[in-house]
J.: 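This is the structure, below, for whatever I ask next.
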Amino acid sequence: MLQSIKKEDFEFFYPIMKYSFPENERRSKSAQRALFDDARYKVAAKRDERGKIVAFMAYWELDGITYLEHFAVDRELRGAGLGGAFLDELTAGLNGPVVLEAEPPETEIAARRIAFYERHGFVLNDYDYIQPPLGKNRRPVPLKVMSLASPLGREQFDDVRRKIYSAVYGVDPRDYV
């Protein structure tokens with residue numbers, strides 16, 4: 001069963017985030033913690049029998065769409081099916097288009113990650129997309145957007161990008177077209 005994580009649980013899931021995502025793809029620790037003050041930001045987690053957080057998904061509920069931002073499984077449990085089961089359970093309860101960012105399939109690990117999401121119902125959209133910087137002295141990251149169940153049409157993609165850029169990154173979408 002998935003559990004909702006609150007700000008007081010931050011120290012228990014942040015270490016998984018820190019080793020799962022390069023610095024350029026995550027916020028500073030204080031900025032990440034501050035997101036819990038935004039009602040649109042949610043974190044769902046899976047715990048083991050001892051109560052330890054072993055997987056989490058940080059996501060945003062944004063005006064008719066759900067944007068999956070960070071998803072990670074404890075490195076000792078990867079490859080055992082926990083991540084796929086977690087993803088399926090979480091997405092079954094989400095409304096509207098469900099989207100996530102993924103690295104373009106230019107490396108073996110990126111291609112494997114995309115294949116994982118495809119096995120769980122996501123499709124890779126062929127539109128150019130840039131993740132704006134997640135803090136000072138960070139650079140934009142070229143990524144792709146994946147959507148659950150079906151590809152996004154151009155207008156729908158532009159709407160999704162606009163909502164993510166404005167709510168999650170606090171930038172004007174026209175700055176990254």
Side-chain angles (χ1 to χ4, degrees), residues 1-103 109-110 112-114 116-117 119-122 131-141 143 145-148 160 163-171:
M1 183 164 100
L2 301 181
Q3 296 180 336
S4 181
I5 297 298
K6 304 294 182 211
K7 193 173 192 173
E8 51 271 13
D9 296 311
F10 180 79
E11 293 298 333
F12 299 107
F13 88 89
Y14 186 75
I16 299 172
M17 177 181 280
K18 188 173 180 178
Y19 71 70
S20 297
F21 294 93
E23 186 176 6
N24 208 42
E25 293 179 25
R26 60 183 158 79
R27 292 169 187 82
S28 69
K29 187 175 182 179
S30 61
Q32 195 66 46
R33 181 184 288 121
L35 291 179
F36 281 93
D37 296 330
D38 189 323
R40 300 169 298 181
Y41 181 75
K42 314 283 184 202
V43 179
K46 192 80 151 171
R47 296 179 187 265
D48 66 11
E49 62 282 346
R50 298 167 300 171
K52 177 186 174 198
I53 296 172
V54 294
F56 77 89
M57 173 73 76
Y59 62 99
W60 294 79
E61 293 177 341
L62 304 173
D63 189 27
I65 69 163
T66 302
Y67 163 58
L68 308 180
E69 184 175 36
H70 289 108
F71 174 44
V73 174
D74 186 298
R75 65 179 134 204
E76 295 175 13
L77 299 172
R78 291 181 184 165
L82 174 68
F86 180 99
L87 181 62
D88 292 343
E89 185 178 352
L90 179 74
T91 57
L94 298 176
N95 297 315
V98 177
V99 298
L100 58 86
E101 299 167 341
E103 294 174 37
I109 190 81
R112 286 179 40 208
R113 195 170 290 125
I114 287 170
F116 165 81
Y117 286 117
R119 287 192 303 277
H120 294 278
F122 284 83
Q131 178 192 63
L134 284 170
K136 291 185 179 190
N137 302 319
R138 308 260 176 106
R139 64 185 193 284
V141 180
L143 298 173
V145 170
M146 297 187 78
S147 51
L148 186 60
V160 163
K163 288 175 181 176
I164 292 171
Y165 279 14
S166 142
V168 175
Y169 300 111
V171 299

J.: Find out whether K46 and E89 are in side-chain contact, i.e. whether some heavy atom of one side chain is under 4.5 Å from a heavy atom of the other.
T.: yes
J.: Partners of F116 by ring-ring contact (aromatic ring centres under 6.0 Å, His included), sequence neighbours excluded?
T.: H120
J.: Given the rule in the side chain to side chain contact (heavy atoms under 4.5 Å, CB included) test, do V73 and F86 qualify, once you have shown the distances and angles that lead to the verdict?
T.: CA-CA 9 Å; V73 174; F86 180 99; over 6 Å; no
J.: Mind checking whether L87 and F71 have side chains closer than 4.5 Å, heavy atoms only?
T.: yes
J.: Should E11 and K29 be marked as a side chain to side chain contact (heavy atoms under 4.5 Å, CB included) after you check the CA-CA gap, both sets of side-chain angles, and the distance that decides it?
T.: CA-CA 10 Å; E11 293 298 333; K29 187 175 182 179; 3.0 Å; yes
J.: Taking the side chain as everything from C-beta on, heavy atoms only, tell me whether E8 gets closer than 4.5 Å to F36.
T.: no
J.: Ignoring hydrogens, what is the shortest heavy-atom contact between L62 and R40? Give both atom names and the distance.
T.: CD2-CD, 4.0 Å
J.: If you define the side chain from C-beta out and look only at heavy atoms, does anything of P140 sit under 4.5 Å from P133?
T.: yes
J.: Please name the pair of heavy atoms, one in L148 and one in F122, separated by the smallest distance, quoted to 0.1 Å.
T.: N-CD2, 3.5 Å
J.: Under the rule for side-chain hydrogen bond (donor to acceptor under 3.5 Å, both in side chains), what residues qualify as partners of T91, not counting sequence neighbours?
T.: none
J.: Does any N or O in the side chain of K163 come within less than 3.5 Å of the main-chain N or O of D63, such that one atom is a donor and the other an acceptor?
T.: yes
J.: Can you see which heavy atom on A72 is nearest to which on S20, and at what distance?
T.: CB-OG, 3.4 Å
J.: For residues V99 and M146, determine if any side-chain heavy atom of one lies less than 4.5 Å from a side-chain heavy atom of the other.
T.: no
J.: With distance as the sole test, does K52 use its side chain to make a donor-acceptor pair with the main-chain N or O of E49 at under 3.5 Å?
T.: no
J.: What is the minimum heavy-atom distance between Y59 and L68, and which atoms define it?
T.: CB-CD2, 3.7 Å
J.: Side chain to side chain contact (heavy atoms under 4.5 Å, CB included) for I5 and F12? Distances and angles first, verdict last.
T.: CA-CA 10 Å; I5 297 298; F12 299 107; over 6 Å; no
J.: Between CG of L100 and CZ of R113, what distance do you get to the nearest 0.5 Å?
T.: 11.0 Å
J.: Look up atom CG in L94 and atom NZ in K42, then write down how far apart they are to the nearest 0.5 Å.
T.: 11.5 Å
J.: Would the distance check show the side chain of D74 and the main-chain N or O of I16 forming a donor-acceptor pair, the cut-off being under 3.5 Å?
T.: no
J.: To the closest 0.5 Å, what do you measure between CZ (F10) and CD1 (I53)?
T.: 11.0 Å
J.: Please answer whether the main-chain N or O of L134 pairs with a side-chain N or O of R26 as donor and acceptor at a distance below 3.5 Å.
T.: no
J.: Can you name the nearest heavy-atom pair linking M57 to L90, along with the distance?
T.: CG-CD2, 3.2 Å
J.: Any chance you could measure N137, atom CG, to N24, atom CG, to the nearest 0.5 Å?
T.: 10.5 Å
J.: Can R138 and E23 be said to form a side chain to side chain contact (heavy atoms under 4.5 Å, CB included), step by step?
T.: CA-CA 8 Å; R138 308 260 176 106; E23 186 176 6; 3.5 Å; yes
J.: Any non-hydrogen side-chain atom of V145 less than 4.5 Å from a side-chain atom of I164?
T.: no
J.: Quick check: does any side chain N or O of H70 sit under 3.5 Å from a backbone N or O of V43, one acting as donor and the other as acceptor?
T.: no
J.: Output the distance between atom CE (M17) and atom CD (Q32), rounded to the nearest 0.5 Å.
T.: 4.0 Å
J.: Do you know the tightest heavy-atom contact between R47 and G51?
T.: NH1-O, 2.8 Å
J.: Do NZ/NE/NH1/NH2 and the carboxylate oxygens of K7 and D37 come within less than 4.0 Å?
T.: yes
J.: How many angstroms lie between atom CZ of R27 and atom OH of Y14, to the nearest 0.5 angstrom?
T.: 10.5 Å
